[in-house]
Structures are given as C-alpha cells and as structure tokens.
Amino acid sequence: MESKSAHFLRLAGIVLGLTLIVFILVLSIGFINNWHDPVAFSNGFFIAGGILITLGALSVAGGFLQRADFKMTYSESAGQANLAERSQRIVTDVLQRYGTMTLLLGAGTLLIVIAVLIGKLLL
C-alpha cells in the first residue's frame with residue numbers, strides 16, 4: 001500500500017500536468033485569435049480555471065443525485081453481493097467523484113493564480 005505522501009505527489013503531478021495542458025490550450029487559442037494584450041490572456045486563464053472548478057463541483061453534485069435515489073440503492077441490493085461488498089462499491093464511487101473534484105479544483109485554482117500573476121506582473 002502506498003504512503004500518503006506518494007498519493008499526494010502523484011495527485012500534485014496530475015494537477016500540474018492538467019494545468020500545463022490547459023495552459024497550452026489557452027495559449028494556442030490566444031495566438032490563433034491574435035490576442036496581443038496581456039489582459040486577454042489573463043481573462044482566458046481565469047475563464048478556463050472557472051470552468052474547471054465548476055466541472056469539479058458538478059461531478060460531485062451529479063453523484064449525489066445517484067446516491068440519494070432509492071431505486072438505485074434498492075437495485076444494488078438485488079444482486080448476490082453482501083453488505084460489505086456493496087458498501088465498498090459505494091465508497092469507491094464516492095471517492096472517485098471527490099478525487100475528480102480535487103483534481104479539477106487544484107488545476108482551476110492554479111489557472112486562476114496564473115491569471116492573477118499575469119495581471120500583476122505584465123500590466
């Protein structure tokens with residue numbers, strides 16, 4: 001079993017990788033649309049960060065509706081799995097959604113920090 005520091009380092013690497021991908025995407029869009037003003041790039045990074053944070057929040061909110069649905073809970077009890085196996089599956093689903101939220105929240109926050117830094121340093 002991996003230690004908590006290894007999980008944190010892996011998550012930090014994935015967040016930085018996603019941030020780099022979105023950073024390059026926003027830069028590409030800016031160069032294609034001939035953005036010459038640093039404010040335009042700052043706005044682009046801010047909007048991209050806001051979109052990632054919103055998607056992260058929606059990933060958890062959408063899962064709540066599935067977990068709160070009685071028909072879905074009842075259908076899971078109809079199989080051969082015992083209570084421990086069903087509980088483990090539910091916990092795994094919840095942790096996956098919160099992991100997605102953490103990933104998108106971290107990348108979105110970094111993009112907003114980049115937008116603020118562009119606004120402070122280049123203006």
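Computed over heavy atoms, backbone and side chain alike; hydrogens, waters and symmetry mates excluded.
- Atoms CG and CG, on Leu104 and Leu18 in that order, are 6.5 Å from each other to the nearest 0.5 Å.
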Listing, residues 31-46 side-chain donor-acceptor contacts under 3.5 Å, not counting sequence neighbours, or none:
residue: Asn33; atom: ND2; partner: Ile29; partner atom: O; Å: 3.4
residue: Ser42; atom: OG; partner: Ala115; partner atom: O; Å: 2.8
residue: Asn43; atom: ND2; partner: Val39; partner atom: O; Å: 3.4

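- If you take CD1 on Ile53 and CE on Met101, they are separated by 11.0 Å, rounding to the nearest 0.5 Å.
- With rounding to the nearest 0.5 Å, the separation of OG1 in Thr19 from CG in Leu52 is 8.0 Å.
- The heavy-atom pair separating Gly50 from Thr54 by the smallest distance is O-OG1, 2.8 Å.
- In this structure, CG on Leu20 lies 10.0 Å from CG on Leu111, to the nearest 0.5 angstrom.
- To the nearest 0.5 angstrom, Leu16 atom CG is 11.5 Å from Ile21 atom CD1.
- Val113 is not connected to Val26 by any chain of hydrophobic side-chain contacts under 4.5 Å among Ile, Leu, Val, Met, Phe, Trp and Tyr, and they are in different clusters.
- One hydrophobic cluster holds both Ile14 and Phe23 under the rule that ILVMFWY side chains link at heavy-atom gaps under 4.5 Å.
- Taking both residues in full, the closest heavy atoms of Gly56 and Ser59 are given as O-OG, 2.7 Å, listed atom of the first, atom of the second, then distance.
- Contact between Val22 and Ala48 at its shortest, heavy atoms only, is CG1-CB, 3.9 Å.
- Looking at residues two or more places apart in sequence or on another chain, you find a side-chain contact (heavy atoms from CB on, under 4.5 Å) between Ile51 and Ile47, Leu55.
- The structure places CD1 of Ile114 at 6.5 Å from CG of Leu110, a figure rounded to the nearest 0.5 Å.
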